[in-house]
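Worksheet: the structure to be examined is printed underneath.
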Amino acid sequence: MYLIQAAVPVPLRQLFTYTHDSSLEHGVRVVVPFGKRELVGIVMESKPVGSDQEKAATDGTLKAVQCVLDTKPLIPDELLSLGKWLSDYYLHPIGDTLLTMLPSWLRKNKSEQEIMSLVNQQALKILPEGKDALSTIPANAKQQKRLLNALREKSALLSDVKQRFSNAVINALVDKQWAVQYQQNLEAKVDWQDKLTLGNKPIASREQGAAIGVITSQLTTFSVSLLDGVTGSGKTEVYLQVIETVLLRGRQVLVLVPEIGLTPQTVERFERRFGHPVGVLHSKVSDKKRMQIWLAAKSGKLPLIIGTRSAIFTPFYQLGLIVVDEEHDDSFKQQDGLRYHARDLAAVRAQRLGVPLVLGSATPSLETLNNALNGRYQHLHLSARAGGANPVSQYIQDMRNHPVQGGIAEHLIEKMQQHIQAGNQVLVFLNRRGFSPVLLCHACGHVEMCHRCDRPMTWHKAKRQLKCHHCDAQRGVPNRCDHCHSDSLIADGLGTEQLEQALQGLFPSVSIARIDRDATRTKDALEKRFDEIRAGKHQLLVGTQIVAKGHHFPDVTMVVIVDVDSALFSADLRAAEKLAQLVTQLAGRAGRAEKPGEMWLQTHHPGHPIVQELIHNGYAHVARGLLAERQSANVIPFSVQAIVKAESHEQYKVQKALQLARSALPPAHIISAIGPVQTLIEKKQGRYRMMLIVRASSRKALNLALRHLLSAMTASKEAKQVRWSLDVDAIDLT
DNA sequence: AGCACGCCGACT
DNA sequence: GTCGGCGTGCTC
């Protein structure tokens with residue numbers, strides 16, 4: 001008799017022990033009874049029954065494994081141990097962690113046969129008659145000729161062919177016996193190495209060459225390189241050439257991209273370069289396809305995987321390199337359930353496998369930049385822009401006492417008019433990230449601050465009060481500015497919708513395109529909107545974050561950033577970093593060499609160091625300045641943090657639960673706790689929300705403290721009455 | 001998370 | 001007199 005410890009998909013931080021008449025390997029899936037239910041569990045430990053005590057348990061308290069789904073483990077040890085690490089680090093239940101990591105096919109009660117049948121794929125290959133026919137094929141059979149040509153060098157999976165050719169074309173080739181369908185075993189030995197088309201590459205610039213050289217000289221050990229290069233400096237070419245070297249050595253490559261960055265064009269570029277299908281993973285890939293790619297990557301059949309966040313959980317036969325493009329992008333952090341950061345996890349995986357990690361960005365996150373500056377990461381620079389100098393000049397619009405219409409300075413409205421009349425596009429950008437309205441003096445720019453925390457007070461319109469989100473101090477709204485005694489106190493609070501309306505009033509004959517999450521719910525709607533913009537259907541573009549990601553706007557010659565101040569005076573300590581990244585990304589994406597553009601930042605604080613640095617010295621300087629501030633305030637990345645969030649219909653319950661959480665923490669000299677304080681969005685769907693920020697100087701101390709907190713929370717009645725969650729390395733304060 | 005048990009209000 | 005509301009408790 002054996003004791004089997006299994007991870008079961010429930011939100012409980014423990015394994016469950018079952019009995020079985022034989023030993024089971026780690027990673028084997030089993031069906032186990034669980035309460036009144038049957039669940040698919042994953043074997044984590046297996047040992048023979050030893051002590052009498054254990055023997056007694058086998059015929060009493062323990063239940064038996066119901067059935068074993070796999071004859072050999074489908075889940076490799078590497079993933080299993082990564083799962084354990086994740087569960088420990090993010091303090092997330094192990095069963096749910098594995099659930100998040102694995103394709104849904106493995107979590108459902110799918111038999112081994114059913115899963116393995118996926119690796120026997122229908123494929124299409126050309127016959128000698130087909131090759132002969134290529135020269136004699138009638139001119140009107142265009143598609144048939146195209147498909148034959150595609151098959152000439154190598155056969156293709158039927159599912160891939162079907163995406164590009166109709167059934168009629170495929171059937172025609174089979175009927176004429178020019179091509180034949182056959183079973184291809186995707187688990188067969190690695191065979192792509194000699195099929196790659198390599199060497200077809202542009203000559204690298206001196207800087208690119210240097211970066212490629214540094215990375216490829218150490219492909220057999222763990223290292224992290226930050227590829228720090230402005231938009232258009234050719235980061236992708238560096239990736240491609242490094243990837244080529246890795247593939248040549250028979251190793252696989254994983255490329256992670258932000259959610260919005262994975263376009264068909266990107267995939268095509270990789271496929272064209274290497275002449276081999278790429279495994280593509282994102283939220284829209286079907287469960288079946290996902291399972292296929294998972295198996296193909298695991299067996300070594302797929303040389304290259306490109307995917308979003310969750311692709312970091314792909315198993316590999318022999319991984320040789322991980323690339324994370326646009327590493328600063330927040331979409332790499334999962335915001336619910338297992339709140340992992342794919343970029344951080346990429347570093348963990350690369351280290352465990354002893355392979356290099358390349359992080360690319362024009363605007364590196366402060367976490368990554370700090371690691372590059374302190375020498376933990378290699379810092380590789382690409383400064384040259386392929387098309388010459390940055391075509392966008394940046395200016396400050398001083399808003400103090402300046403007449404404003406619809407949130408835009410009159411001076412800029414005139415300029416916008418000129419640009420539109422010249423046949424160009426104008427982009428009006430509203431920065432709403434980490435937005436919390438502050439009380440601002442329109443005459444002098446003074447912002448009402450908390451006397452205790454020296455942080456801006458948040459304006460609560462309904463309660464007619466100012467509140468500090470750091471210490472919960474509050475006071476009434478003053479009538480006059482504390483500083484210059486002017487009575488023109490204003491609160492910013494414009495949304496994209498209102499902005500669009502106001503602009504339509506100002507420019508009645510102009511077509512306005514709104515680009516934000518609300519207007520473009522689906523990815524298709526977003527693509528469609530971008531196509532319209534490229535086609536010149538709209539002259540005025542109004543957008544949020546989303547426009548700064550991935551897309552180029554060649555006809556935009558003027559960019560207006562409406563509200564810089566809300567980022568300078570945000571309760572979110574990352575707001576300034578995000579603003580700097582946005583402005584820089586936008587500047588890189590608007591205009592082109594022969595059509596120089598201008599960018600305007602509207603602010604009541606023209607002298608603010610962040611604004612000044614951004615305009616005159618660029619992101620790299622701002623980022624270093626922000627890092628220095630973070631260091632003196634001893635916040636991330638100079639300390640580590642986690643956030644406990646709670647919500648309930650009753651506000652006092654939220655307070656109580658988080659206060660209990662706080663009281664479970666070690667003393668203040670080890671851990672500093674802030675809160676319970678307001679979340680940036682205080683009430684959502686009728687539920688009051690608050691958070692407790694927990695800071696420590698080391699990951700170890702934080703982890704330990706959170707374990708105390710967790711055991712107190714799971715045992716307490718107060719916590720059971722609220723919805724609560726724990727977010728290690730949290731970046732979301734909403 | 002599910003899925004039970006359990007003890008109080010409006011219905012055949 | 002039952003049906004069903006969701007509070008509390010357990011799952012090897």
Side-chain angles (χ1 to χ4, degrees), chain A residues 1-69 80 83-84 86-87 90-109 287 310 334-340 644-654 656-657 660-661 685-688 710-727:
Chain A
M1 203 57 112
Y2 285 80
L3 293 180
I4 308 295
Q5 295 210 289
V8 176
V10 287
L12 298 170
R13 288 161 223 276
Q14 56 175 284
L15 295 173
F16 289 84
T17 311
Y18 294 88
T19 59
H20 191 62
D21 51 20
S22 64
S23 178
L24 292 172
E25 286 183 74
H26 300 176
V28 163
R29 295 173 310 135
V30 287
V31 176
V32 291
F34 196 81
K36 297 266 156 172
R37 296 178 288 166
E38 282 172 17
L39 297 173
V40 176
I42 292 157
V43 175
M44 301 301 280
E45 291 300 333
S46 170
K47 62 167 185 181
V49 172
S51 67
D52 290 347
Q53 196 190 341
E54 283 172 356
K55 240 174 224 144
T58 54
D59 44 57
T61 54
L62 296 184
K63 289 184 188 174
V65 168
Q66 199 155 84
C67 71
V68 180
L69 287 171
L80 233 40
K84 273 190 237 165
L86 272 163
S87 165
Y90 289 105
L91 297 159
H92 195 77
I94 179 69
D96 198 52
T97 301
L98 292 174
L99 194 90
T100 311
M101 295 172 70
L102 297 173
S104 62
W105 270 49
L106 290 178
R107 302 165 350 208
K108 292 186 205 137
N109 199 338
D287 290 349
S310 65
Q334 177 130 73
Q335 295 296 11
D336 53 76
L338 172 65
R339 297 165 128 88
Y340 66 97
V644 187
K645 281 177 226 169
E647 59 178 55
S648 158
H649 290 288
E650 270 98 14
Q651 193 162 23
Y652 76 94
K653 285 186 177 171
V654 181
K656 258 180 117 175
L660 178 122
Q685 291 153 3
R687 270 189 277 269
Y688 295 92
L710 226 46
S711 54
M713 286 292 268
T714 42
S716 87
K717 272 205 158 119
E718 286 90 334
K720 283 199 182 83
Q721 301 191 345
V722 301
R723 266 202 215 170
W724 62 275
S725 64
L726 172 62
D727 188 351

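Sequence lines set the chain letters: A, B, ... in the order given, protein chains first and strands last, and positions in each chain run from 1. All values below were derived from every heavy atom in this structure, side-chain atoms included, with hydrogens, water molecules and symmetry-related copies excluded.
Across the protein-nucleic acid pair, Phe16(A) atom CZ and dA1(B) atom P stand 14 Å apart, rounded to whole Å.
Residues Pro93(A) and Arg13(A) are in side-chain contact: their nearest non-hydrogen atoms beyond the backbone lie under 4.5 Å apart. Under the 4.5 Å side-chain criterion, counting only non-hydrogen atoms from C-beta, Leu80(A) is in contact with Ile42(A). Met44(A) is not listed as a side-chain neighbour of His26(A), based on a closest heavy-atom distance of 4.5 Å or more. Looking at Pro33(A) and Tyr18(A), their side chains come closer than 4.5 Å, going by heavy atoms from C-beta outward.
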Considering only nitrogen or oxygen atoms on both sides, find all protein atoms under 3.5 Å from nucleotides 2-5 of chain B and state each distance.
unit_1: dG2(B); atom_1: O4'; unit_2: Arg37(A); atom_2: NH1; d: 3.4

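When heavy atoms are screened at a 4.0 angstrom cut-off, Leu12(A) is found touching base atoms of the nucleic acid.
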Does the side chain to side chain contact (heavy atoms under 4.5 Å, CB included) test come out yes or no for Val32(A) and Lys63(A), once each step is laid out? CA-CA 8 Å; Val32(A) 291; Lys63(A) 289 184 188 174; over 6 Å; no
What do the steps show when you test Val10(A) against Arg37(A) for side chain to side chain contact (heavy atoms under 4.5 Å, CB included), and what is the final call? CA-CA 12 Å; Val10(A) 287; Arg37(A) 296 178 288 166; 3.9 Å; yes
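Minimum interatomic distance between Val722(A) and Ala646(A) (heavy atoms only, all atoms of both residues): CG2-CB, 4.1 Å.
In 5' to 3' order, the nucleotides of DNA chain C bounding all contacts with chain A (an atom under 4.0 Å from a heavy atom) are dT11(C) to dC12(C).
Annotation: salt bridge (Lys or Arg N to Asp or Glu O under 4.0 Å) contacts of Glu647(A) (sequence neighbours excluded): Arg687(A), Arg689(A), Arg723(A).
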